[in-house]
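Quick notes on the structure that follows.
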Amino acid sequence: MQALELLQKHFGYSSFNPGQESIINDVVSGRDVFVLMPTGSGKSLCYQLPALMKPGITVVVSPLIALMKDQVDALRINGIGASCINSSMAPVEAENVKVRLLTGKDKLLYVAPERFASYDFLPFLKMLKISLFAIDEAHCISEWGHDFRPEYRRLRLLRDNFPDVPIIALTATAIPEVQDDIVHNLMLKSPVIHRRSFNRENLTYYVRPKKDSISQIVDYIRARSKDSGIIYCQGRKTADRITSRLRQEGFRALSYHAGLSTDAREANQEAFIKDDAEIIVATIAFGMGINKTNVRYVIHYDLPRSIEGYYQETGRAGRDRLESDCILFYTYADKRKVDYFIEKLRSTKKQETARKKLAEMLEYCESRECRRRFLLDYFGETFDGICIKCDNCIMPHEVIDGTDIAKKILRCVLDLEQRFGATYVSSLLTGKSKSYAHSMLKSCGAGKDYPAKQWTSFIRELQPQGFLKAEGDKYPILKITQSGMDVLRGIVTVKLTKPAKIKLTKKEEPITALFDILRQLRKVMADAERVPPYIIFPDSTLKEMATYYPQTIDAMAKIHGVGEHKLQKYGRAFLRKILDYCKEHNIAEKQKSDEVPRISANGDYKQTLFLAKQGLSLREIATRRGLAESTIASHIESLFMLGNDVNIDNIIPKERQDAIEREMSGLATQGLGALKEKLGDGYSYDELRIVRAMINSRRTAKA
Ligand code: ADP
Ligand code: ZN
């Protein structure tokens with residue numbers, strides 16, 4: 001069977017995610033393949049489908065038992081024979097699996113890398129016909145990564161023992177050193193490298209001032225109390241404190257940290273995976289081995305230590321590609337906590353690296369630019385789309401004339417004889433002094449119009465602009481530069497920013513009651529089968545059901561994520577709930593094909609459409625997108641041709657539209673040249689094209 005048919009039959013998906021199809025083709029053709037794709041892009045399918053297409057067995061190496069179990073459950077529920085062998089199994093169980101493999105019952109075998117150390121495992125593998133080795137989480141092979149697993153090094157023996165069996169290695173790690181390590185250690189033979197952007201389009205990034213953060217978190221969660229989320233923090237005490245506050249508020253929250261027994265930890269993790277608890281408050285050790293696809297938010301209560309770690313942790317949100325949030329609470333004071341941890345590191349080399357990583361993390365937090373661009377840039381990728389999904393893009397900082405503010409700061413630094421740091425300068429400005437002498441200074445209390453935190457933030461903005469510099473590592477002292485003196489002399493002006501206020505609590509689409517009903521049914525079924533709910537159906541599938549109200553088996557089969565096997569097994573139960581609901585509320589089925597998004601493939605137009613809907617002018621859209629106005633005009637023209645309705649009143653004033661329309665109706669041709677001749681130089685070609693497209697699209701709509 002062809003890949004696409006198998007995809008529909010077993011997984012219920014009607015199309016491939018970007019990249020999947022060509023990877024599958026390369027794997028099936030027998031080449032070694034190296035896949036670098038972000039979390040949630042559907043890497044597993046890249047070896048699971050070839051496993052079905054090739055004769056013989058695919059052996060998947062995976063680092064954790066939990067991950068393996070999850071995948072095996074998911075495959076079996078889709079009607080695919082799969083097993084795992086791991087150290088937690090009784091010998092007789094392992095024997096059973098061997099029999100299944102030898103008799104062709106299974107197409108996939110999941111194993112942990114340590115399995116290869118056992119003396120009888122390789123000989124057993126040699127008795128099978130192996131078609132493919134898939135090395136999942138391949139970055140575990142590299143000491144550069146954060147998840148180094150020495151047992152992965154043993155995987156070299158695959159190439160020695162099975163020189164003709166192709167290997168596919170997969171990872172979501174974006175660091176180049178790790179990538180090199182993988183190719184060399186696995187001895188991949190001129191592998192085809194499939195690398196996709198690490199951009200996670202469905203994630204929105206926020207950095208919030210760390211102030212009343214627990215209350216902010218409570219408000220945020222209250223608006224989405226049935227959604228799953230992870231809250232990361234540094235210490236177990238903090239974790240317990242947040243958990244108990246959330247429980248007091250009535251949320252189902254659990255802790256996960258080193259202070260709990262292994263059993264308690266596992267139980268809490270399990271409860272989270274099975275949707276018995278919506279929230280897990282964890283120290284950083286949590287998450288590897290979590291396949292849960294419906295994590296709707298990841299909150300960092302404390303400052304992460306590196307961008308890599310931060311990106312990996314936020315990456316656990318939204319694996320099902322539904323919109324999800326990543327929120328980081330930041331205060332500069334948290335730097336000290338990390339410093340303390342760094343000081344305890346034994347080698348100076350390690351300390352140096354850790355300091356560098358921390359500095360990058362701080363830079364991210366304080367950046368006024370697009371967070372997405374910053375993150376992708378960090379991983380060596382240029383992002384030139386429009387983000388619209390980070391705090392800085394949603395609500396850019398307000399730029400203010402900061403000359404007077406800067407003068408106050410600089411004067412205060414001078415008053416203090418350039419012997420103090422940012423914290424003290426800020427507090428003196430607000431009127432808090434350490435000594436009588438300082439309280440007599442003119443600067444004392446000169447800045448009561450802002451709180452001390454805001455002053456510190458202004459000071460930190462003056463530094464990269466070169467007006468101030470901080471000297472000394474541990475207790476940096478502020479010194480004024482030459483340009484700083486120029487500000488005081490009134491020769492130079494200064495621009496500063498003030499944060500715009502964004503409310504976090506907003507939740508975009510209201511969850512329908514039906515979605516909730518289906519979610520409950522899924523939970524009951526999952527518990528009966530002892531699997532996590534997202535394995536029965538991902539959230540995206542339930543959302544589709546709650547959008548299209550399928551009322552027949554045929555309609556149900558068209559829902560994303562409903563394959564043959566799942567249709568047989570669960571279709572009726574879900575249909576019944578939908579039918580009951582629709583009857584009660586008098587709702588008819590919606591045709592799925594009617595609602596194909598009009599401009600699905602072309603993100604390029606989509607961004608223009610989005611900005612046009614915000615009421616921006618042609619020039620504004622062009623500047624925001626970094627494209628020529630004529631390009632934007634042609635986007636709008638195409639948008640009309642594709643059947644979209646665009647309001648162009650902010651792009652071309654209504655009177656001008658009318659004038660163009662009048663002239664056009666008097667002309668026999670649709671040519672722009674003739675039109676331009678009639679209207680004269682006061683009108684641009686861009687305007688003519690846009691209006692022409694609009695008029696034509698109205699005509700087609702009427703026809
Ligand atoms: P990764 O390993 O890259 O993080 P997974 O393999 O876990 O991603 O897949 C993430 C989710 O996307 C899973 O729920 C999976 O079933 C789903 N998925 C994979 N391929 C497709 C596809 N072609 N269409 C729709 N969903 C898909
Ligand atoms: Zn952005």
Side-chain angles (χ1 to χ4, degrees), residues 3-4 6-8 10-24 35-49 60 62-63 67 70-71 73-75 77-78 80 134-139 168-173 194 196 198-207 287-295 312 315-322 324 326 364 367-377 383-397 502 532-544 559-563 566 607 624:
L4 196 59
L6 288 165
L7 181 71
Q8 175 64 48
H10 286 290
F11 297 91
Y13 301 139
S14 51
S15 61
F16 285 107
N17 286 346
Q20 281 178 331
E21 192 169 18
S22 56
I23 296 172
I24 291 169
V35 177
L36 301 151
M37 298 209 295
T39 313
S41 48
K43 287 190 288 300
S44 327
L45 236 109
C46 298
Y47 53 82
Q48 289 169 344
L49 271 190
V60 186
S62 174
L67 279 181
D70 213 63
Q71 295 248 359
D73 284 344
L75 286 166
I77 256 180
N78 279 322
I80 299 167
I135 318 297
D136 208 358
E137 312 287 352
H139 58 277
I168 173 173
L170 310 100
T171 178
T173 302
H194 289 269
R196 291 203 68 83
F198 278 82
N199 185 13
R200 298 285 313 276
E201 284 168 3
N202 57 326
L203 302 188
T204 304
Y205 299 95
Y206 298 92
V207 178
M288 170 93 180
I290 297 291
N291 247 345
K292 189 172 163 73
T293 55
N294 58 337
V295 175
Q312 207 200 24
R316 295 187 178 125
R319 292 177 75 135
D320 51 13
R321 304 179 132 215
L322 295 180
S324 309
C326 308
Y364 171 80
S367 166
R368 300 286 194 251
E369 283 158 43
C370 174
R371 311 268 179 213
R372 189 177 306 278
R373 179 166 301 146
F374 188 106
L375 291 168
L376 290 172
D377 188 59
F383 173 70
D384 47 16
I386 286 197
C387 150
I388 65 163
K389 282 193 204 157
C390 80
D391 50 354
N392 285 343
C393 288
I394 298 170
M395 197 72 90
H397 282 66
I502 307 178
Y534 62 84
I535 284 190
I536 305 267
F537 283 129
D539 279 12
S540 45
T541 300
L542 299 191
K543 283 222 164 117
E544 271 212 359
I559 297 290
H560 166 99
V562 183
K566 285 188 179 172
Q607 292 171 349
R624 288 280 287 271

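Order of listing sets the numbers, starting from 1, for every ligand and every atom in it.
- Tyr47 and Asp136 share a donor-acceptor pair across their side chains, judged by distance under 3.5 Å alone.
- Note on ring orientation: taking the six-membered ring where Trp is involved, the planes of Phe374 and Tyr364 are perpendicular (angle over 60°, cut-offs 30° and 60°).
- Without hydrogens or angle criteria, Lys543 side chain to Pro538 main chain gives no donor-acceptor distance under 3.5 Å.
- With hydrogens and angles disregarded, no donor-acceptor distance shorter than 3.5 Å links the side chain of Asn199 to the backbone of Arg372.
- Put simply, the angle at the Zn ion (ligand 2) from SG in Cys393 to SG in Cys387 is close to 110°, to the nearest 10°.
- Protein residues having at least one heavy atom under 4.0 Å from any atom of ligand 1 are Tyr13, Ser15, Phe16, Asn17, Gln20, Pro38, Thr39, Gly40, Ser41, Gly42, Lys43, Ser44, Leu45, Thr293, Arg319, His560, listed by chain and number.
- When atom types are taken as modelled, the side chain of Asp391 and the backbone of Val207 share a donor-acceptor pair closer than 3.5 angstrom.
- For Lys389, the side chain to side chain donor-acceptor pair (under 3.5 Å) partners two or more places apart in sequence, or in a different chain, are Glu323.
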